[in-house]
Every structure is written in structure tokens, then in C-alpha cells.
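Bear in mind that the values here come from a model prediction, so they are computed numbers and not experimental data. Side-chain atoms are counted along with the backbone in the values below, which use heavy atoms only and exclude waters and symmetry mates.
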Amino acid sequence: MQHVNTGVKVLLPLAAVLILGAGCPNKAKLDANTEATVQENGSGAKKAMVEISNQTVVRGIVVVPKVVSVGPGWLVIHADAAGKPGDVIGQQSVQAGENVAISVQIDTAKATPKLYAMLHVDAGTIGTYEFPGEDVPAANDSEVVNVGFDAMLDPNTSSSTAAEGSAEANAEGGTAVKVDAKADVKAEVKVDVNATASVKSFDLTAKKWAFEPSTITVNKGDKVKLSIKSVDVTHGFSVPDFGVNQTLKPGETTVVEFTADKTGTFSFFCSVFCGAGHSEMNGTLIVK
């Protein structure tokens, strides 16, 4: 009997250590430059969380490495307002469970040096962002899932470039004209109001886990029009180099338009987590 009791005394402290250890998140696994909101329930299972790092925002795209949502939700980027979340400057839908490599297109004109990545629920019409409204911030035990991070706009995306794009988009009956400030002021600038840029249209299919076709070739200056249909679940379509990021709803065709204003080979990919093969759902845009 003494031998049995001695064994119990040895095992009980060991069990207590294991139980206590199971309730502590392994913070060593998080990058030192990464902030995260991680909550756990009594069984050690993760609740809602957002993981994001300080970053340079290229072409208006904020990249969020990981989001865990209890149900369908929205990853929302807020501007800073006196040290707390202010205006919404971008949002992207997320699915229940773990979502990785989420791209969120933001309004750079409203961006602040500090931004907030906040998880909202999708409680109203699924797939439609309703805030203010039913899509309120998600919370773990009354604590809103919200992470602040530093954001620096890419200096190569200048305000002058944005202004040129805006002028081109709003031109009526003509084409945008760039005038060299050093040119002779007496020079006559002629605009052909009947001239139109070449429009290249493509029909794409999005499905687990590929875009068909996966390669698109256009010429510099072309207006690119993509009609993309998701045939199974919600996907995304992102071309960060051209500021494109769209949600593709199942069974619907989404039209994406942009101007191929630079040459090179660029990647496009699914920006909404869609399952095990999500990271392999990508393609190539070639601009000659």
C-alpha cells in the first residue's frame, strides 16, 4: 500500500504542472515584431484573434498574416483618432476559423501613422459590411479583438501618381494628357477627344484552388477588364501592384477593372482564405 501511495504523490504534482502549462500560450512562437490578441477558453482552444506586424503599406494594401474568427466576420482597418480606433478606411471579409495572408485595401488618403486591425462580426446580411449597424466589433469576454500597428505608406506611391490616376478616371470624352513643365509654354497641346485606350477583356473562373486562365497578357496602357466568376465558395482577387483587391461571392460574376500602367510580370492571388489550397491559388499578369 505504501508503494502505491508514493506513486500517487509523485504523479499528482506532475499532472498539476502539465495542466498549468497547457493554459499558457507559447509566446516564444510569436515574432518579436508581431502584436497579437490571443484569448483562450478553459480547454485551451483559441477564440477570436488578430495577428499583425508593423509594416510598409504598398499600393494601399495592408497585409494581415493571421485572423481567427468564431463565425463569418470582417477584418476592418481603422484610422487612429487620439489613440483609439477612428474612421473605417478598409475592410475584408473572413470566414469562420483560421484565415491567413489577408489583404485589405485601404483609403490611403485617410491613413494615419498608427492603424488598428479590428475583427468585426458578420451578423447582418452575410457578405455585406454593415457598420455602423449589425456588424459590430467581435469580443472575447467583453474585450474587443483589436490590435494597433504602425503603418508607413510606400514612398513610391506618391500623391502625384494618385492625382494622375484620379484625373484619368474623371476625364470626360477624352484622354489624360501629361505636359512637361519645362516645355515651351507656346507649344500647342492637342487632345483627340475621340481617342480611347485599348480595352482588354477576359473571363476568369475562380474555384478551389485555381484561377482559369492563370496567365493574362496585356500591353502597357491597356484598360484591363476582368469578369471573374466564383463557382464554389467565397474567394478574393488581389493584384497589389495595381491596387486591386476584390471579394468574389459564390455563384456571382465580379467585374474588376484597372489600367496596366507599367510593364513587368506581376502576381495575382486569392485574398480570402478558402481552404487547404488557398496559398496555391494564384496566377500571373504579364504587361508588355
Side-chain angles (χ1 to χ4, degrees), residues 58-63 72 74-75 90-95 99-107 122 125-129 157 161-162 164-166 168-176 194-288:
V58 180
R59 299 193 72 86
I61 301 290
V62 168
V63 179
W74 293 94
L75 178 60
Q91 70 275 339
Q92 177 62 53
S93 63
V94 294
Q95 296 182 337
N99 302 256
V100 295
I102 307 99
S103 299
V104 185
Q105 181 78 53
I106 66 170
D107 183 349
D122 192 355
T125 302
I126 301 299
T128 300
Y129 181 61
T157 306
T161 300
E164 290 170 1
S166 177
E168 182 179 14
N170 293 314
E172 296 181 1
T175 58
N194 295 316
T196 57
S198 175
V199 178
K200 295 292 181 64
S201 299
F202 300 87
D203 293 327
L204 274 72
T205 298
K207 61 181 180 180
K208 292 185 176 182
W209 286 281
F211 290 103
E212 294 180 355
S214 61
T215 301
I216 300 170
T217 302
V218 299
N219 296 317
K220 182 180 179 181
D222 284 347
K223 302 284 188 179
V224 183
K225 181 178 179 180
L226 307 177
S227 299
I228 313 173
K229 183 175 182 179
S230 172
V231 298
D232 42 32
V233 300
T234 298
H235 293 289
F237 182 82
S238 179
V239 195
D241 291 286
F242 293 94
V244 173
N245 189 35
Q246 290 282 342
T247 299
L248 311 175
K249 296 181 180 180
E252 297 184 11
T253 298
T254 301
V255 176
V256 176
E257 296 179 291
F258 62 93
T259 300
D261 56 2
K262 55 187 175 182
T263 59
T265 300
F266 310 96
S267 295
F268 59 83
F269 55 87
C270 177
S271 56
V272 175
F273 183 73
C274 55
H278 168 70
S279 61
E280 300 174 5
M281 189 170 175
N282 50 56
T284 303
L285 169 66
I286 301 172
V287 183
K288 296 182 177 180

Can you tell if the side chain of Phe242 reaches within under 4.5 Å of the side chain of Val287, non-hydrogen atoms only? yes
Atom NZ of residue position Lys207 - does it have more than 12 heavy atoms of other residues, nucleotides or ligands inside 6.0 Å? no
What verdict does the side chain to side chain contact (heavy atoms under 4.5 Å, CB included) test give for Thr247 and Tyr129, after you've listed the backbone C-alpha separation in whole Å, the side-chain angles of each residue and the deciding distance to 0.1 Å? CA-CA 12 Å; Thr247 299; Tyr129 181 61; over 6 Å; no
Between Ser227 and Thr253, is there a side-chain heavy-atom distance shorter than 4.5 Å? yes
According to the interplanar angle, ranging from 0 to 90°, do the rings of Phe268 and Phe237 count as parallel (below 30°), tilted (30 to 60°) or perpendicular (above 60°)? tilted
Pair Lys208, Asp232 - check salt bridge (Lys or Arg N to Asp or Glu O under 4.0 Å), show working. CA-CA 7 Å; Lys208 292 185 176 182; Asp232 42 32; over 6 Å; no
When you compare the side chain of Leu204 with that of Ile216, does any pair of heavy atoms fall below 4.5 Å? yes
Is the shortest heavy-atom distance from the side chain of Ile61 to the side chain of Gln105 under 4.5 Å? yes
Under the salt bridge (charged side-chain N to carboxylate O under 4.0 Å, His left out) rule, what pairs show up with a residue in residues 241-260, not counting sequence neighbours? none
Is there a side-chain contact between Ser93 and Val272, using heavy atoms and a 4.5 Å cut-off? yes
Side chains of Ser201 and Lys225: closer than 4.5 Å at any heavy-atom pair? yes
With distance as the sole criterion, is a donor-acceptor pair present between the side chains of Ser271 and Asn245 under 3.5 Å? yes
For side chain to side chain contact (heavy atoms under 4.5 Å, CB included), just list the numbers for Trp209 and Cys270, CA-CA rounded to whole Å, side-chain angles, deciding distance to a tenth of an Å, and then say yes or no. CA-CA 9 Å; Trp209 286 281; Cys270 177; over 6 Å; no
